[in-house]
Amino acid sequence: MTLMASQVPGDQKYIKPYPVYSHPKQLDLSSVQELPESHAWASSSLEDDFCSQVETVPVIDLSDVNVSELLGNACRSWGVFQVKNHGFPKSLLQEMESLSQKLFSLPMQQKLKAARSIDGFSGYGVAPISSFFPKVMWSEGFTIIGSPLEHARRLWPQDHSTFCDVIEEFEKEMKKLAMNLMWLIFGSLGIKEGDIEWAGPKDGNHNPEGGSAAIQLNSYPACPEPDRAMGLAAHTDSTILTILHQNNTSGLQVHREGTGWVTVPPLPGALVVNAGDLLQILSNGLFPSVLHRAVVNRTRHRFSIAYLYGPPSGVTISPVPKLLDQSHPPLYRPVTWKEYLGVKSKIFDKALNSLRLCSLSPDKTDEELNNDHNLFRIR
Ligand SMILES: C=C1C[C@]23C[C@@]1(O)CC[C@H]2[C@@]12CCC[C@@](C)(C(=O)O1)[C@H]2[C@@H]3C(=O)O
Ligand SMILES: O=C(O)CCC(=O)C(=O)O
Ligand SMILES: [Fe+2]
């Protein structure tokens, strides 16, 4: 373990050294018969909360006449919801799912040819947040930012064009859906086109700008001891919103104040949407990002595909002026997505609070600010 210095852009006074763990080489999880000590998580990180089967994450029909209000309510009270009638082509999701399966079933030495470099963002490897945890997660991932061509060529030297074509189409369709959802969510707060300059016109078809994104393919092989393993540790996404497709195997759980971990079951044809840290900033805390994680199971191989949507990476975002007045001062300082990702990669779960402007609570400690994370969640 090494202790990191506080070399992050932004307000240094909240930034403390953070433990960073380096882990052994990526194991081929599909062939492991017994859970290695390196992958055995402390029971406190797995069982500390009751898992509710009673409360269920809202399911919203995008063709409902009150869709904007329904989405706004779900963002305020849950930070996550499932959408149906979303218009995303089913066949494209199936194609992406089978390409993802094909990728993860390649021999390890082949996958490692497309490994994410130490200082890079794209490619094959463990979740980027792994270094913040003492134990290794029971998963592997592939991150795509920009063109996947370089990595695809290394994975499939003879035939990478299908992969690249499907990714391109997936990105185009997801961007349309993400922008549509974003505007419906903003609409519930009275925010209109023109109130956020970078977001451009609502119509994703005619808006080549309007945001940027990463695609994260996740693979969670069946695990010999699922109760002691962790698929993807608890985190919030650094996005405006994330759209997630999961195969027919459950594993995603969201954390709900006062309830604990709630499973988000895969529903045929539905997509999961969760609020990210940048939505919390833009909405000035009205729509908090949601803590979530992925657990694993004994018999089934689970796959998920996340579309992580945010603003153009160099554009400065801040709480939308329309939501501010004397009694609602801005709670967060302006930041670009690029800068935020840099902060998150250094101080992880402290990133959002490091941007807090403390006008409302100048005497609060870091811990109190952390506990405020769900301050605005209305149930
Ligand atoms: C744009 C990004 C968000 C992300 C970090 C990344 O640079 C690319 C991967 C994303 C992801 C996916 C899995 C969970 C997560 C916390 C992680 O470790 O990598 C997110 C990152 C994030 O939202 O901060
Ligand atoms: O696999 C899942 O259900 C969660 C994935 C996730 O949270 C992510 O990729 O950010
Ligand atoms: Fe996530």
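Atoms within a ligand are numbered from 1 in the order they appear, just like the ligands themselves. Keep in mind that the numbers below use all heavy atoms, side chains included, and drop hydrogens, waters and symmetry copies. Here the structure is a predicted model, which is why all the values come from computation and not from measurement.
- In terms of hydrophobic clustering, with Ile, Leu, Val, Met, Phe, Trp and Tyr side chains grouped at heavy-atom distances under 4.5 Å, Trp198 and Leu189 are assigned to a common cluster.
- Scanning the protein heavy atoms around atom 8 (C) of ligand 1, the nearest turns out to be Thr143 CG2, 3.6 Å.
- Taking both residues in full, the closest heavy atoms of Met108 and Leu27 are given as CE-O, 3.5 Å, listed atom of the first, atom of the second, then distance.
- If you check which protein heavy atom lies closest to atom 3 (O) of ligand 2, you get Arg302 NH2, 2.8 Å.
- With a heavy-atom cut-off of 4.0 Å, Ala214 touches ligand 1 through its side chain alone.
- Using a 4.0 Å threshold on non-hydrogen atoms, atom 21 (C) of ligand 1 does not count as touching the protein.
- Looking at ligand 1, you won't find any N or O of Phe121 less than 3.5 Å from one of its N or O atoms.
- Below 4.0 Å from some heavy atom of Pro128 lie the following atoms of ligand 1, by number and element: 17 (C), 18 (O), 19 (O).
- Residue Tyr332 forms a side chain to side chain contact (heavy atoms under 4.5 Å, CB included) with just one option from Leu357, Leu352, Leu278, and that option is Leu352.
- Remark: at the Fe ion (ligand 3), atom OD1 from Asp237 and atom NE2 from His235 enclose 90°, rounded to the nearest 10 degrees.
- Distances from ligand 2 to the non-hydrogen atoms of Gln216 include at least one value under 4.0 Å.
- In this structure, His235 counts as a contact residue of ligand 2, since one of its heavy atoms falls inside 4.0 Å of the ligand.
- The ligand atoms of ligand 2 that sit less than 4.0 angstrom from a heavy atom of Leu244 are 3 (O), 5 (C).
- Within ligand 2, the atoms closer than 4.0 Å to a non-hydrogen atom of Ala306 are 9 (O), numbered from 1 in the order shown.
- Between Phe104 and Tyr124, the ring-plane angle classifies as tilted under the 30° and 60° cut-offs.
- Using cut-offs of 30° and 60° on the angle between ring planes, the pair Tyr307 and Tyr309 is parallel.
- Just one of Glu97, Arg300, Arg302 meets the side-chain hydrogen bond (donor to acceptor under 3.5 Å, both in side chains) condition when paired with Asn248; it is Arg300.
- Not a single heavy atom of Thr239 lies less than 4.0 angstrom from ligand 1.
- Residues Ile145 and Leu103 are members of separate hydrophobic clusters, defined by side-chain heavy-atom contacts under 4.5 angstrom among Ile, Leu, Val, Met, Phe, Trp and Tyr.
- Of all protein heavy atoms, the one closest to atom 6 (C) of ligand 2 is Leu232 CD2, 3.5 Å.
- Here the protein heavy atom with the shortest distance to atom 3 (C) of ligand 1 is Leu341 CD2, 4.0 Å.
- At most 12 heavy atoms of other shown residues, nucleotides or ligands fall within 6.0 angstrom of atom NZ in Lys192.
- Sparse packing is recorded around CD of Glu168, with 12 or fewer heavy atoms of other residues, nucleotides or ligands lying under 6.0 Å away.
- Within ligand 1, the atoms closer than 4.0 Å to a non-hydrogen atom of Asp237 are 23 (O), numbered from 1 in the order shown.
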**Report entry** From CA spacing to verdict: side chain to side chain contact (heavy atoms under 4.5 Å, CB included), Leu29, Glu140
**Finding:** CA-CA 9 Å; Leu29 298 175; Glu140 50 186 339; 5.6 Å; no

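- Those atoms of ligand 2 with a heavy atom of His292 less than 4.0 angstrom away are 7 (O).
- Ligand 1 has an N or O atom lying under 3.5 Å from an N or O atom of Ser238, backbone or side chain.
- Nearest-residue assignment for atom 10 (C) of ligand 1 (options Val126, Asp277, Leu308, Leu217; heavy-atom criterion): Leu308.
- Using cut-offs of 30° and 60° on the angle between ring planes, the pair Phe133 and Trp41 is tilted.
- Scanning all protein heavy atoms for the shortest distance to atom 14 (C) of ligand 1 gives His235 NE2, 3.6 Å.
- For the pair Asp237 and ligand 2, the shortest N or O to N or O distance falls below 3.5 Å.
- If you check which protein heavy atom lies closest to atom 5 (C) of ligand 2, you get Asn218 ND2, 3.4 Å.
- Heavy-atom contacts of Tyr220 reach the following atoms of ligand 2: 1 (O), 2 (C), 4 (C), 5 (C) (cutoff under 4.0 Å).
- When all heavy atoms of Leu341 and Ser238 are compared, the pair lying nearest together is CD2-CB, 3.7 Å.
- Judged by the 6.0 Å distance and 45° axis criteria, Arg293 is positioned over the aromatic ring of Trp261.
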